[in-house]
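Note that these values count all heavy atoms, side chains included, but never hydrogens, waters or copies made by symmetry. Because the structure is a prediction, the values reported are computed rather than measured.
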Amino acid sequence: MSSGEKSQADEEEEDKEDDGLDEGDLDKASFGRIMALNRPELGYIIIGCIAAGINGGLQPLFAILFSGILGAFSLPPGAKQDKEITIFSCLFVAIGFAMLIANIVQNFCFATSGERLTKRLRASLFHAMLRQDMSYFDDHRNSTGALCVRLSTDASKVRGATGIRLGSTCQSVLGMGKLSACLPLTAWSDNIRRR
């Protein structure tokens, strides 16, 4: 191969330089930056985190009550056993109702927050596309179909970071915190009852 001829690899490299940025070259958005964009919905996020904390905190309480009702079934049949079972059954219904309300509030708040963020990001992305020079649209990566796909998918990918994932994280962390606090207290109260 002579020095005047270009290899196929050299041509592909020049094409990449002409194309500009690849999608892998774009900066990744940090969680803090996404939350800064979601600042107008901070009230929804706080209420959603509180509901997620309540929902996560009720899980260990459910486990403690479950062990309590098993203890009630081990009592000899009679009025005391019936009273204990009735109390635990009512507590189960109350916990179930509280979990229902907390789940509804959590999902509503995080879904509303995520949808509003998605709408705002799509609008700003669309306005940014409209402000581009005509030569921007000549590039094959900026065809009509590619831009429509970018409008529909890129903004909705961000929604997951502030919505369901944040709620699940809050629920898990606060549930583990409550469980860590309840286990020693439960063991301590069982030891006192046995004495």
Any chance you could measure [X], atom [atom1], to [Y], atom [atom2], to the nearest 0.5 Å?
X: Leu147; Y: Gln132; atom1: CG; atom2: CD; answer: 9.0 Å
X: Ile69; Y: Ile87; atom1: CD1; atom2: CD1; answer: 10.5 Å
X: Lys83; Y: Thr86; atom1: NZ; atom2: OG1; answer: 10.0 Å
X: Asp82; Y: Glu84; atom1: CG; atom2: CD; answer: 10.5 Å

Heavy-atom donor-acceptor pair, Ser67 side chain to Ile64 backbone, under 3.5 Å: yes
Whether Ser172 side chain and Thr169 backbone form a donor-acceptor pair below 3.5 Å: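 The answer is no, because no donor-acceptor pair under 3.5 Å joins these two groups.
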All side chain to side chain donor-acceptor pair (under 3.5 Å) counterparts of Gln81, not counting sequence neighbours: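 Per chain and number, Gln81 pairs via side chain to side chain donor-acceptor pair (under 3.5 Å) with no residue.
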Shared hydrophobic cluster for Leu130 and Leu125 (ILVMFWY, side-chain gaps under 4.5 Å):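 Yes.
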ILVMFWY cluster, Leu65 and Val93 together (side-chain gap under 4.5 Å):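 No, Leu65 and Val93 fall in different hydrophobic clusters.
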Side-chain atoms of residues 97-106: list all donor-acceptor pairs with protein atoms under 3.5 Å, sequence neighbours left out, distances to 0.1 Å.
| from | atom 1 | to | atom 2 | distance (Å) |
| --- | --- | --- | --- | --- |
| Asn103 | OD1 | Asn55 | ND2 | 3.1 |
| Gln106 | NE2 | Gln171 | OE1 | 3.4 |

With a cut-off of 3.5 Å and sequence neighbours excluded, list every side-chain donor-acceptor pair involving residues 35-54.
| from | atom 1 | to | atom 2 | distance (Å) |
| --- | --- | --- | --- | --- |
| Asn38 | OD1 | Ser113 | OG | 3.4 |
| Asn38 | ND2 | Ser113 | OG | 2.9 |
| Asn38 | ND2 | Thr162 | OG1 | 3.4 |
| Glu41 | OE1 | Arg120 | NH2 | 2.8 |
| Glu41 | OE2 | Arg120 | NH1 | 3.3 |

Between Phe62 and Phe92, ring centroids under 6.0 Å: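 Yes: the rings meet the under 6.0 Å criterion.
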Residue Met129 excluded, over 12 heavy atoms near CE under 6.0 Å: yes
Within 6.0 Å of OH in Tyr136, more than 12 heavy atoms from elsewhere: yes
